[in-house]
Chemist: 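To start, I am sharing the structure in question, which I have written as structure tokens.
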There are 2 protein chains.
Amino acid sequence: MSKVLIFGHQNPDTDAITAAISFAHLQKQLGVEAEAVALGTVNEETAYALNTFKTEAPRVITAALKETKQVMLVDHNEAQQSVTDIKDLDVLAVVDHHRIANFETANPLYYRAEPVGCSNTIILKLYKEHAITIPQNIAGLMLSAIISDTLLFKSPTCTEEDIRAAKELAAIAEVDLEAYGLEMLKAGTNLSDKTEEELLNSDAKSFPMGNKNVRIGQVNTVDVAEVLARQAALETAMEAQNKQNGYDLFVLVITNILDSDSEILVVGQDKEKVEKAFQTELTNNTATLKGVVSRKKQVVPQLTEAFK
Amino acid sequence: MSKVLIFGHQNPDTDAITAAISFAHLQKQLGVEAEAVALGTVNEETAYALNTFKTEAPRVITAALKETKQVMLVDHNEAQQSVTDIKDLDVLAVVDHHRIANFETANPLYYRAEPVGCSNTIILKLYKEHAITIPQNIAGLMLSAIISDTLLFKSPTCTEEDIRAAKELAAIAEVDLEAYGLEMLKAGTNLSDKTEEELLNSDAKSFPMGNKNVRIGQVNTVDVAEVLARQAALETAMEAQNKQNGYDLFVLVITNILDSDSEILVVGQDKEKVEKAFQTELTNNTATLKGVVSRKKQVVPQLTEAFK
């Protein structure tokens with residue numbers, strides 16, 4: 001078997017980056033010539049985790065075929081969230097915790113998805129199934145991903161299994177889970193020195209819904225008003241991105257990680273679909289979604305249904 | 001959670017039927033109100049296995065929504081191989097060993113695919129992961145599926161894991177693996193009293209390839225000449241099915257389970273794609289494919305590539 005590249009989704013979050021690292025380490029122990037790479041630069045939260053656990057960020061690629069035909073995907077499966085040449089590659093394995101869509105292979109493969117809060121919760125199980133020891137730094141990175149994806153267990157996507165996994169990994173990593181977790185999350189909320197484009201791109205994903213192309217971004221903050229103070233500039237940037245990339249609708253989810261509510265900002269066509277999805281009315285293109293923190297569980301299915 | 005229906009693909013083979021039974025039993029032990037059903041009547045091989053291990057055939061359904069919205073799929077994932085209303089259902093789990101295509105969910109789910117020879121090899125692992133004991137009759141049915149899918153370990157889809165699983169299940173089922181296996185396979189090769197339609201439908205599946213709809217059937221036999229003696233009648237029936245169901249191409253794979261070769265019979269458009277796929281020339285719509293016994297590994301990927 002030649003080299004295998006392992007990567008998470010575009011606009012990588014902490015789970016996308018660290019799942020590539022942890023799954024590549026596992027594959028190497030199993031004899032696979034694996035390398036973790038990333039489909040974008042790391043955000044500040046991930047940089048904080050990598051720095052704490054003294055691990056280098058994976059190198060960035062956008063396509064794979066020049067290097068290898070064999071890849072493994074973590075934390076995503078939809079083609080539009082992957083490398084640009086995914087259709088020409090052989091996907092050997094997927095470890096994911098999202099819905100399955102726009103994913104197709106010619107051959108049987110290893111696919112492991114579970115409806116848990118974080119890809120690394122599944123990867124922890126895989127380490128156990130193969131009886132491979134997890135190094136301290138990789139345990140710390142896996143823990144960081146669970147904290148990030150579940151917002152320190154506050155997200156409705158969080159399961160008992162995620163909490164158990166986080167506690168187990170915190171013990172191996174030798175950190176105080178709550179204290180480290182809050183520090184790491186706060187490191188990711190420093191939005192003031194970011195451009196509008198950086199805010200929109202930092203964790204945005206595209207979703208085909210009905211026959212429309214919907215872009216959904218999400219930023220975490222401890223101060224929603226600070227983000228909304230830039231509404232006019234954000235809308236201009238969202239309109240530009242819609243035009244440039246063919247998005248029909250752009251939804252930016254601004255999530256307050258302290259009180260676990262979100263404000264949405266909506267630009268593009270079919271705004272009434274957004275109102276239908278969340279049974280709300282947009283005022284000046286915005287609406288408050290009480291208790292909404294999870295794009296995957298509280299935004300994407302509702303919008304998908306409204307676009308049917 | 002309300003009732004969950006569990007089923008394998010249309011035109012069920014032994015793995016499709018018994019994986020539904022074995023996975024439903026596991027789910028019931030885990031507290032799920034599960035029922036194994038089937039998307040067609042059992043073939044003679046499966047009937048032999050069910051009879052040997054004193055288990056009733058699952059009742060047949062074609063759609064599920066009238067009974068429940070919640071389903072689990074075994075031994076398939078492609079929509080056109082499933083219940084007719086699959087797009088309106090919530091797929092909670094999939095256990096499969098095929099390629100992934102034409103499969104989409106709105107929500108995260110449990111998906112367990114591994115590139116092994118049989119779904120029941122994976123289900124055996126799930127029993128172990130949950131530390132659930134396998135009843136003797138279910139072990140016998142799971143064993144029957146592995147023998148069927150791997151043609152008693154002769155298929156290139158067969159892995160070391162399938163062989164280990166079969167030996168383990170044979171011990172629980174208290175049968176002689178080789179002797180029982182050959183008897184069961186032979187029970188499935190009694191083709192003489194079947195109509196052409198029954199031969200074509202017994203294990204046929206549809207595959208979208210490029211923008212074409214390709215139907216691929218497979219029959220196992222110990223006497224290929226006996227099947228080819230009916231070529232004219234088979235071609236007439238294949239043409240009728242193409243017309244009626246919108247298949248662009250029908251490929252019937254006639255597999256000799258003793259010498260592990262296959263003869264193909266081809267009716268419809270794009271015959272040159274078949275020649276390209278197998279680097280052969282059709283003579284009177286037929287060709288011999290030496291060493292080919294696995295549709296999944298030796299027919300579907302090659303045809304898919306040729307239709308690209």
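Values reported hereafter were calculated over all heavy atoms of this structure, with side chains retained and with hydrogens, waters and symmetry mates removed. Because the structure is a prediction, the values reported are computed rather than measured. Numbers restart at 1 for each chain; the letters A, B, ... are given by sequence-line order, proteins then strands.
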Chemist: Could you report the tightest heavy-atom contact between A:Pro301 and B:Ala106, atom names first, then the distance?
Modeler: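 For A:Pro301 versus B:Ala106, the nearest heavy atoms are CG-O, 4.1 Å.
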Chemist: Considering distance alone, list the donor-acceptor pairs between chain A and chain B shorter than 3.5 Å.
Modeler:
unit_1: A:Ile100; atom_1: N; unit_2: B:Thr105; atom_2: OG1; d: 3.1
unit_1: A:Ile100; atom_1: O; unit_2: B:Thr105; atom_2: N; d: 2.8
unit_1: A:Thr105; atom_1: N; unit_2: B:Ile100; atom_2: O; d: 2.8
unit_1: A:Thr105; atom_1: OG1; unit_2: B:Ile100; atom_2: N; d: 3.1
unit_1: A:Tyr111; atom_1: N; unit_2: B:Ala113; atom_2: O; d: 2.8
unit_1: A:Tyr111; atom_1: O; unit_2: B:Ala113; atom_2: N; d: 2.9
unit_1: A:Ala113; atom_1: N; unit_2: B:Tyr111; atom_2: O; d: 2.9
unit_1: A:Ala113; atom_1: O; unit_2: B:Tyr111; atom_2: N; d: 2.8

Chemist: Atom CG in A:Leu109, atom CD1 in B:Ile100: separation rounded to 0.5 Å?
Modeler: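 These two atoms lie 4.5 Å from each other.
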